[in-house]
Trainee: 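Got a structure for you, questions after.
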There are 2 protein chains.
Amino acid sequence: MNEFDKLKEKLKEKGFKLTTQRRVILDVIMENKNKHLSSEEIYDLVKRKYPEIGLATVYRTLQLFEELGLVYKLNFDEGRNRYELYQEDAHQHHHLICLKCGNVIEMEGDLLEDLEKLIEKTKNFEIVDHNVKFYGYCSNCRNKV
Amino acid sequence: MNEFDKLKEKLKEKGFKLTTQRRVILDVIMENKNKHLSSEEIYDLVKRKYPEIGLATVYRTLQLFEELGLVYKLNFDEGRNRYELYQEDAHQHHHLICLKCGNVIEMEGDLLEDLEKLIEKTKNFEIVDHNVKFYGYCSNCRNKV
DNA sequence: TGACAATTGAAAATGAATATCATAAACTAT
DNA sequence: ATAGTTTATGATATTCATTTTCAATTGTCA
Ligand SMILES: [Zn+2]
Ligand SMILES: [Zn+2]
Ligand SMILES: [Zn+2]
Ligand SMILES: [Zn+2]
């Protein structure tokens with residue numbers, strides 16, 4: 001099943017409608033799988049394909065997509081949200097944020113199983129998700145003086 | 001060395017001044033070591049001791065304290081920042097956020113050494129800090145129907 | 001003490017995100 | 001396809017945390 005069928009199905013399931021705007025927004029997010037686009041950036045890209053769209057619609061749709069589990073909301077401490085496509089296979093990755101150039105690098109793999117098990121046990125806390133960011137200096141910036 | 005000496009020293013080091021406002025703000029943060037206060041909450045508490053203080057001063061000071069490494073900025077996805085005292089010994093803790101009641105529980109211990117080593121090696125990324133949040137259901141909420 | 005730079009408080013400004021509301025578009029059952 | 005119902009949209013106004021501005025104040029140090 002492709003992303004659009006997933007969208008259609010999830011919308012129907014909850015009584016939401018499949019609109020052109022929602023289709024185009026998903027389209028843009030899918031075309032930028034490896035990026036971490038902000039709401040404004042998505043708005044700008046969507047406007048190229050659908051110039052009549054309003055900014056509020058983009059915000060509303062991203063929020064809806066997050067609730068539907070289609071996208072993942074990211075926060076890199078910039079005072080704005082970013083989004084990436086939720087991919088079952090590739091979702092388990094962490095973000096490495098360079099303090100010098102600001103680049104965001106992905107570290108694939110989850111590697112938190114042991115820690116999560118320990119937390120569930122010692123805190124009796126049922127973990128359903130996590131958010132992990134590492135701050136430091138990327139290979140590029142390390143090599144410069 | 002206590003926190004105030006640390007403040008004094010770090011300020012002097014960078015040519016900043018030791019003001020009453022800064023002293024009172026640090027005071028409030030120290031009196032709430034285990035809490036995760038927002039800027040507004042800190043403002044309200046500070047006003048009790050120093051009613052003339054302005055909100056902007058609190059914001060400016062918290063930003064300064066973060067730069068000086070005296071406090072740690074936290075983000076629990078509420079659209080506002082929170083702060084906690086930076087404690088050398090106790091800083092290595094993660095936050096468990098309950099999706100039902102919103103409570104934030106601390107999980108002491110770092111337990112990311114292996115993962116960080118792996119990242120430094122495979123990505124040639126020098127890690128200086130990290131930010132880890134776990135979302136789920138706290139023991140209280142698990143036991144309710 | 002006096003000079004000078006840093007700091008402050010009040011108010012205005014910013015900017016991301018949300019709410020409002022009249023119009024438009026999608027779905028449903030005929 | 002059509003009418004009827006409901007959700008969605010776009011433009012705009014609004015909210016709210018945070019930042020900026022700027023004149024007046026305060027801390028530091030010789
Ligand atoms: Zn870099
Ligand atoms: Zn990513
Ligand atoms: Zn709870
Ligand atoms: Zn904490």
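Chain identifiers are assigned alphabetically (A, B, ...) following the order of the sequence lines, protein sequences preceding nucleic acid strands; residue numbering begins at 1 within each chain.
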Trainee: Taking for each residue the nucleotide of DNA chain D with the nearest heavy atom, is it B:Arg82 or A:Leu11 whose nucleotide lies nearer the 5' end?
Mentor: A:Leu11
Trainee: Pick from B:Lys73, B:Lys35, B:Lys33, B:His93: which one makes a side-chain hydrogen bond (donor to acceptor under 3.5 Å, both in side chains) with B:Glu84?
Mentor: B:His93
Trainee: Nearest-Å distance, CD1 (B:Ile42) to C1' (D:dA17)?
Mentor: 14 Å
Trainee: Are side-chain N/O atoms of A:Asp77 and A:Tyr135 paired as donor and acceptor at under 3.5 Å?
Mentor: yes
Trainee: What residue among B:Thr61, B:Ile25, B:Asp27, B:Thr57 forms side-chain contact (heavy atoms from CB on, under 4.5 Å) with B:Val46?
Mentor: B:Ile25
Trainee: Whether A:Lys49 and A:Glu31 form a salt bridge (side-chain N of Lys/Arg under 4.0 Å from carboxylate O of Asp/Glu) is what I want to check.
Mentor: yes
Trainee: Once you round it to whole Å, what is the distance between C1' of C:dG9 and NZ of B:Lys47?
Mentor: 13 Å
Trainee: Nearest whole angstrom, please: distance from the C1' of C:dT7 to the NZ of B:Lys14.
Mentor: 18 Å
Trainee: Under 4.0 angstrom, heavy atoms only, what part of the nucleic acid is B:Tyr50 near: base, sugar-phosphate, or nothing?
Mentor: sugar-phosphate
Trainee: Looking at every non-hydrogen atom in both residues, tell me the closest pair between B:Tyr86 and B:Tyr72 and how far apart they are.
Mentor: CD1-CD1, 3.6 Å
Trainee: Backbone N or O of B:Asn75 within a donor-acceptor pair of the B:Lys133 side chain at under 3.5 Å?
Mentor: yes
Trainee: Describe, as an angle rounded to 10 degrees, how the axis at the first end of the helix from C:dT1-D:dA30 to C:dT30-D:dA1 is tilted relative to the axis at the last end, five pairs per end.
Mentor: 40°
Trainee: Distance check needed: D:dA17 C1' versus B:Asp77 CG, whole Å only.
Mentor: 15 Å
Trainee: Starting from the C-alpha separation in whole Å, work towards a yes-or-no answer on side chain to side chain contact (heavy atoms under 4.5 Å, CB included) for A:Leu26 and A:Leu85.
Mentor: CA-CA 9 Å; A:Leu26 183 58; A:Leu85 190 66; 4.2 Å; yes
Trainee: Take a 6.0 Å sphere around NZ of A:Lys8 and say whether it holds more than 12 heavy atoms from other residues, nucleotides or ligands.
Mentor: no
Trainee: Pick the closest DNA chain C nucleotide for B:Gly15 and for B:Val58 by heavy atoms, then say which residue is nearer the 5' end.
Mentor: B:Gly15
Trainee: What string of B, S and - do you get for nucleotides 22-30 of chain C 5' to 3' if you count protein non-hydrogen atoms under 4.0 Å?
Mentor: ---BBS---
Trainee: Can B:Glu9 and B:Lys12 be counted as an ion pair, charged N to O under 4.0 angstrom?
Mentor: no
Trainee: Could you write nucleotides 13-20 of chain C as a row of B, S and -, 5' to 3', where a protein heavy atom under 4.0 Å of any base atom gives B, of only sugar-phosphate atoms gives S, and otherwise -?
Mentor: ---SBBBB
Trainee: Quick test of your reading of the model: are B:Glu13 and B:Lys10 salt-bridged, counting only N-O distances below 4.0 Å?
Mentor: no
Trainee: Nearest heavy-atom pair of A:Arg22 and A:Phe16: which atoms, and what distance?
Mentor: NH1-CB, 3.7 Å
